[in-house]
Amino acid sequence: MSTPTKVVIDLDVPGPTINRHLYGHFAEHLGRCIYGGFWVGEDSDIPNEGGIRLDVVEALRALDIPNLRWPGGCFADDYHWRDGIGPREQRPSMVNSHWGDVVEDNSFGTHEFMALCELLGADPTSAATSARARRRR
């Protein structure tokens with residue numbers, strides 16, 4: 001015969017705190033997450049701030065995301081943060097071989113990612129791979 005077990009839950013006793021960064025998010029170049037998603041460009045009829053869609057910012061603010069990681073996925077293998085700073089028309093283009101050989105013009109780059117994080121009130125987390133560093137040498 002088993003002995004009954006008693007469990008007491010005292011809501012007044014503080015428990016452990018879960019670090020909010022465990023619930024972070026990442027942005028991927030797959031589909032329309034970046035282009036047409038976060039980024040529409042400054043000349044778009046869609047309301048934006050510096051090319052970043054304000055309706056997307058509003059929706060993500062409602063989620064209160066603590067951090068955003070970019071670039072996400074395989075795109076990070078070929079992206080270098082320097083390719084996404086400075087005037088957009090002077091940024092190098094590349095072929096994104098991971099997602100259908102589309103031309104990536106870096107119009108949404110490091111600078112825009114940092115601006116997006118600022119609009120969201122989220123901490124930026126940048127991905128870097130050693131594969132890219134080896135190819136750049």
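What's counted below: heavy atoms across the whole structure, side chains too, no hydrogens, waters or symmetry copies.
The pair Arg88-Glu42 meets the salt-bridge criterion, with a side-chain N (NZ, NE, NH1 or NH2) lying under 4.0 Å from an Asp/Glu carboxylate O. Classification of Glu118 and Arg61 as a salt-bridged pair fails, no side-chain N sitting under 4.0 Å from a carboxylate O. Taking a cutoff of 4.0 Å between a charged side-chain nitrogen and a carboxylate oxygen, Asp123 and Arg69 do not qualify as a salt bridge.
Thr110 contributes no side-chain N or O that, together with a main-chain N or O of Ile85, makes up a donor-acceptor pair within less than 3.5 Å. The backbone N or O of Asp10 lies less than 3.5 Å from no partner atom in the side chain of Asp12, so there is not a single donor-acceptor pair. Panel note: side chain Gln90, backbone Pro87; no donor-acceptor pair is recorded below 3.5 Å.
Note: Leu120 CG to Asn67 CG = 11.0 Å, rounded to the nearest 0.5 Å. Between atom CD1 of residue Ile65 and atom SG of residue Cys117 there is a gap of 7.0 Å, rounded to the nearest 0.5 Å. Of the inter-residue distances, the one linking Tyr79 atom OH with Phe113 atom CZ reads 10.0 Å to the nearest 0.5 angstrom. With rounding to the nearest 0.5 Å, the separation of CG in Asn48 from CG in Asp45 is 9.5 Å.
Taking Phe108 as the reference, Trp70 meet the ring pair (Phe, Tyr, Trp, His ring centres under 6.0 Å) condition, with sequence neighbours excluded. Remark: Asp105 engages no residue in a salt bridge (charged side-chain N to carboxylate O under 4.0 Å, His left out) (not counting sequence neighbours).
Both Ile52 and Leu63 belong to a common hydrophobic cluster when Ile, Leu, Val, Met, Phe, Trp and Tyr are linked at side-chain heavy-atom distances under 4.5 angstrom. Using a 4.5 Å cut-off between side-chain heavy atoms of Ile, Leu, Val, Met, Phe, Trp and Tyr, with links allowed through other members, Leu60 and Tyr35 fall into the same hydrophobic cluster. Both Leu68 and Met114 sit in one connected hydrophobic cluster of ILVMFWY residues. Membership requires side-chain heavy atoms under 4.5 Å apart, directly or through other members.
Contact of the Phe38 side chain with the Arg53 side chain is not registered, since no non-hydrogen atoms from C-beta on lie closer than 4.5 Å. Looking at heavy atoms from C-beta onward, Glu49 lies in side-chain contact with Leu119 at the 4.5 angstrom threshold. Considering only heavy atoms from C-beta on, Ile9 comes within 4.5 Å of Leu11 through its side chain.
Here the closest non-hydrogen pair linking Gly51 and Trp39 is O-CE3, 3.2 Å. In terms of heavy-atom proximity, Val56 sits nearest to Gly37 at CG2-O, 3.5 Å. Minimum heavy-atom separation, His21 to Asn19: N-OD1, 2.7 Å. Glu28 approaches Cys33 most closely through the heavy-atom pair O-CB, 3.0 Å. When all heavy atoms of Asn106 and Asp83 are compared, the closest pair comes out as CB-O, 3.4 Å. When all heavy atoms of Ser126 and Pro71 are compared, the pair lying nearest together is OG-CD, 4.4 Å.
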Val57 vs Leu116, side-chain contact (heavy atoms from CB on, under 4.5 Å): CA-CA, chis, key distance, verdict: CA-CA 8 Å; Val57 168; Leu116 172 62; 4.1 Å; yes
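Within a 6.0 Å radius of NE2 in His111, no more than 12 heavy atoms belonging to other residues, nucleotides or ligands are found. No more than 12 heavy atoms of other residues, nucleotides or ligands lie within 6.0 Å of CD1 in Ile18, so this atom counts as exposed by the packing criterion.
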